[in-house]
Amino acid sequence: MQLKYSFKKEWLHFSRTFRVFGIILAIFSFALADPFMYRALGLMMEMLTQNADALTAVASVGTGAGALDGMEEIYSIYNDAALIFSMTMAEFCSTSTLIIMLILMSAAGGEQKKRATIIPACSGLEHFNYLLPKFVLYPASVFAVTFISGAFAGLLCNILFTEDRIAPEMILLAAVLCAVYMAFITAVYLSIGLCTSRPGAVTVFMYIGSTLIQMILSGLDLEKFNPFTLRSLVSGGLFAPDFSLADEAASIAVGTALAVIIGVVMFLLCLAVQKARAINNKQDTPEF
């Protein structure tokens with residue numbers, strides 16, 4: 001019964017405070033805005049390359065051919081569906097993740113910092129029933145919104161851009177991998193925030209730390225077989241000309257499995273910390 005009402009409380013807190021709409025907006029807005037923004041830039045470059053007067057003026061200076069080649073190369077970049085899709089996915093893993101952490105600060109330790117859990121805990125709320133809804137509801141919501149937004153962004157890129165269009169199965173794969181990574185980051189963020197009751201500091205730590213970890217792993221040539229493999233793939237590796245799904249299948253499977261396992265471990269760690277903090281008010285014998 002406690003677990004049922006804990007899920008209800010968490011869902012009401014999530015929906016009635018419009019946090020759920022904030023997460024949808026934080027992810028879906030980039031899925032919609034990024035392709036249109038790059039399409040607008042591409043149209044501007046196309047107009048410049050087709051402007052006969054401008055090309056004649058450039059040619060009269062003696063550098064027309066080189067300038068025209070450069071403009072055409074830039075235009076081809078802004079007309080590449082796979083490249084724009086990978087840039088949108090990278091935006092999910094960076095900016096969208098930061099916004100999500102800011103939105104979830106209350107759930108990730110903010111309640112404890114404001115002493116909002118004292119009365120429920122004194123009334124007998126168990127730590128497991130308090131924590132489980134958070135680790136189910138928020139990562140699952142981030143996963144679902146990211147997957148839908150990623151699939152929509154891939155479809156939109158194929159519609160708006162004519163070069164290097166993405167196969168439907170690759171769009172779905174990228175959406176799944178990005179969703180798993182963001183759910184993993186959300187679970188880690190919740191765990192550290194609830195353990196420390198310092199969601200603001202943890203937000204900064206997670207945003208900077210995740211970027212640094214990826215850079216360190218890349219520098220050490222350890223990009224495979226870890227959860228950050230998923231971020232590297234959706235940010236470009238998945239759409240590289242030499243990418244082979246058969247060669248990367250093991251790394252993807254291990255990275256996905258580790259993301260799930262680490263998420264569960266972070267929940268258990270958070271549960272252990274919460275129990276260690278607990279004060280037993282039911283003792284019949286005095287402490288001294």
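Bear in mind the structure is a predicted one, so any value in this text is a computation, not a measurement.
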Mutual orientation of the aromatic rings belonging to F18 and F21 [parallel < 30°, tilted 30-60°, perpendicular > 60°] = tilted
S218 side-chain N/O to Q214 backbone N/O, donor-acceptor pair under 3.5 Å = no
Considering all heavy atoms, the nearest S96-A26 contact = OG-O, 2.8 Å
Give a yes or no on whether the backbone of P139 and the side-chain of T186 come within a donor-acceptor separation of less than 3.5 Å.
-> no
Please find out if less than 6.0 Å separates the ring center of F28 from that of F152.
-> yes
Test I27 against M182 for side-chain contact (heavy atoms from CB on, under 4.5 Å), laying out the working first.
-> CA-CA 11 Å; I27 303 174; M182 292 186 65; 4.2 Å; yes
Sequence neighbours left out, what pairs pass salt bridge (charged side-chain N to carboxylate O under 4.0 Å, His left out) with at least one residue falling in residues 22-32?
-> none
Between S251 (side chain) and E248 (backbone), is there a donor-acceptor pair under 3.5 Å?
-> no
Could you tell me whether the side chains of Y130 and Q274 share a donor-acceptor contact shorter than 3.5 Å?
-> no
Could you give me the CA-CA distance, side-chain angles and deciding distance for F92 and F30, then say whether ring-ring contact (aromatic ring centres under 6.0 Å, His included) is met?
-> CA-CA 7 Å; F92 284 4; F30 287 105; 7.2 Å; no
Can you list the other members of the hydrophobic cluster that holds V265, where links are side-chain heavy atoms under 4.5 angstrom apart?
-> I261
Qualifying residues under salt bridge (Lys or Arg N to Asp or Glu O under 4.0 Å), relative to K8, sequence neighbours excluded = none
So, S86 side chain and V234 main chain: donor-acceptor pair closer than 3.5 Å or not?
-> no
Report the C-alpha distance between I148 and F143 in whole Å, list the side-chain angles of each, state the deciding distance to 0.1 Å, and finish with yes or no for side-chain contact (heavy atoms from CB on, under 4.5 Å).
-> CA-CA 9 Å; I148 295 172; F143 178 93; over 6 Å; no
